[in-house]
Amino acid sequence: MTKKDRYQFVIDYFSEHAPDAETELFYDNPYQLLVAVILSAQCTDKRVNLTTPAIFDRYPGPEALSEATFDELFPLIRSISYPNNKTKHLIGMAQMLIHDFNGEVPMTVNELIKLPGVGRKTANVITSVIDNQPNMAVDTHVFRVSARLGLTTRAKTPLQAELQLIKYFPKELIHKAHHWLILHGRYICLARSPKCEACGLKSICLYYKKLQSA
DNA sequence: ATCCCGAGGG
DNA sequence: CCCTCTGGAT
């Protein structure tokens with residue numbers, strides 16, 4: 001089976017059996033999505049959604065957030081992973097939006113990653129979700145699932161995986177594929193004990209094949 | 001114990 | 001490349 005066949009199988013499968021998202025990040029505009037994605041690192045969407053309404057209420061936009069103090073924002077983020085870092089990141093991010101980007105969320109990856117708390121994964125999420133750019137955000141799920149399925153080969157970094165994935169997935173499907181792989185990783189292809197018997201992709205899965213031969 | 005839609009710094 | 005940050009869910 002060629003790599004191209006492998007991608008086609010995955011595309012065909014998910015086109016018929018799109019995984020259902022139980023929870024998704026809540027947002028109403030680019031600023032809100034940016035805040036939510038920064039907060040989502042190492043944290044469930046559900047918990048992020050529990051904290052963002054209060055943040056959006058008190059800091060409706062970059063202007064307000066750029067003037068927030070650490071002590072005032074920290075309590076709103078206290079229950080999320082890395083609250084110290086994220087509090088500093090959010091305030092610094094808003095300040096840079098005001099000072100360097102006219103208070104607007106920039107829509108290129110290279111600009112976005114200049115913002116505090118925004119790395120490549122976050123920048124790819126923003127540009128693909130808001131602006132429909134054919135970028136693949138590689139998080140822990142996408143990285144793991146792609147490797148197991150053989151969509152990526154010897155990728156040692158998220159960037160290496162990203163370049164392989166955008167090369168093989170048709171542009172118009174990258175956004176969908178991103179979501180497919182994340183949800184598959186969240187509900188079926190778990191990091192610890194993947195539910196291979198419930199997986200419709202096991203017939204092409206390298207990880208499953210290896211399990212059988214072991 | 002181990003994992004969550006990572007980023008920054010050494 | 002490595003390490004640290006660091007709360008909640010399971």
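Owing to the predicted nature of the structure, the values given are computational and were not obtained by experimental measurement. Just so we're on the same page: letters track the sequence lines, and every chain starts at 1.
In this structure, A:Phe14 and A:Trp180 have parallel ring planes: the angle between them is below the 30° cut-off, well short of the 60° mark.
With rounding to the nearest 0.5 Å, the separation of CG in A:Leu90 from CD in A:Gln95 is 11.0 Å.
Comparing C:dT6, B:dG8, C:dA9 by their nearest atom to the side chain of A:Pro83 picks out C:dT6. Of the candidates C:dA9, C:dC1, C:dG7, the closest approach to any side-chain atom of A:Arg78 belongs to C:dG7. Considering only the side chain of A:Gln42, B:dC4 comes nearest among B:dC5, C:dA9, B:dC4. Checking B:dC5, C:dG8, B:dC4 against the side-chain heavy atoms of A:Asp139 singles out B:dC5 as nearest. Of the listed nucleotides (B:dA7, B:dC5, C:dG8), B:dC5 has the atom at the smallest distance from the side chain of A:Val125. Distance from the side chain of A:His179 is smallest to B:dC5 among B:dC5, B:dA7, B:dC4. Between C:dT6, B:dC5, B:dC3, one nucleotide has an atom nearer to the side chain of A:Thr44 than all others, and that is B:dC5. Minimum atom distance to the side chain of A:Ser81 is reached by C:dG7, of the listed C:dG7, B:dG6, B:dC5. Relative to the side chain of A:Arg192, the nucleotides B:dC3, B:dC4, C:dG7 differ in distance, and B:dC3 lies closest.
At a threshold of 4.0 angstrom between heavy atoms, the contacts of A:Ile80 are confined to the sugar-phosphate backbone, with no base atom among them. Within 4.0 Å (heavy atoms only), A:Val37 reaches no atom of the nucleic acid at all. Counting non-hydrogen atoms under 4.0 angstrom, A:Asn84 reaches the backbone sugars and phosphates but no base. Residue A:Leu50 is out of contact with every strand shown, counting any heavy-atom pair closer than 4.0 Å.
Atom pair A:Ile126:CD1 and B:dC5:P shows a separation of 16 Å (rounding to whole Å applied). Atoms CZ (A:Phe143) and P (B:dC4) sit 13 Å apart, rounded to a whole Å. The distance between atom CG of A:Leu183 and atom P of B:dC5, rounded to the nearest whole Å, is 9 Å. The interatomic distance linking A:Ile38 (CD1) with B:dA7 (C1') rounds to 10 Å, in whole Å. Here the C1' atom of nucleotide B:dG8 and the CE atom of A:Met93 are 16 Å apart, to the nearest Å. For A:Ile113 and B:dG8, the CD1 to P distance is 9 Å, given to the nearest whole Å. Across the protein-nucleic acid pair, A:Arg120 atom CZ and B:dA7 atom P stand 11 Å apart, rounded to whole Å. Distance CZ (A:Phe74) to C1' (C:dG7): 10 Å, rounded to an integer number of Å.
Proximity of A:Arg47 to the phosphate of C:dA9: a side-chain N or O atom is located under 4.0 Å from OP1 or OP2. For B:dC4, the OP1/OP2 oxygens have no side-chain nitrogen or oxygen of A:Arg186 closer than 4.0 Å. Look at A:Arg144 and you'll find a side-chain N or O under 4.0 angstrom from OP1 or OP2 of B:dC4.
Using a 4.5 Å cut-off between side-chain heavy atoms of Ile, Leu, Val, Met, Phe, Trp and Tyr, A:Ile113 falls into a hydrophobic cluster with A:Val109.
A salt bridge between A:Glu162 and A:Lys121 is absent, with no side-chain N of the basic residue lying under 4.0 Å from a carboxylate O of the acidic one.
Between A:Gly117 and A:Leu25, the residue anchored closer to the 5' end of DNA chain B is A:Leu25, taking for each the nucleotide with the nearest heavy atom. When each of A:Lys114 and A:Leu190 is assigned the nucleotide of DNA chain B bearing its nearest heavy atom, the one mapping closer to the 5' terminus is A:Leu190.
A pairwise comparison of heavy atoms in A:Tyr31 and A:Pro60 identifies CE2-O, 3.4 Å as the closest pair.
Under the 4.5 Å side-chain criterion, counting only non-hydrogen atoms from C-beta, A:Phe101 is in contact with A:Leu115.
For the P atom pair drawn from B:dA7 and C:dA9, the interatomic distance equals 23 Å after rounding to whole Å. Taking atom C1' on both C:dG7 and B:dG9, the two are 22 Å apart, rounded to the nearest angstrom. As rounded to the nearest Å, C:dC2 and B:dC5 have C1' atoms that lie 23 Å from one another. Nucleotides B:dC4 and C:dC5 have their C1' atoms positioned 15 Å apart, rounded to a whole Å.
Residues meeting the side chain to side chain donor-acceptor pair (under 3.5 Å) test with A:Lys3, sequence neighbours left out: A:Thr153, A:Gln164.
The side-chain ring of A:Tyr82 is not stacked on the base of C:dT6, judged by centre separation under 5.5 angstrom and plane angle under 30 degrees.
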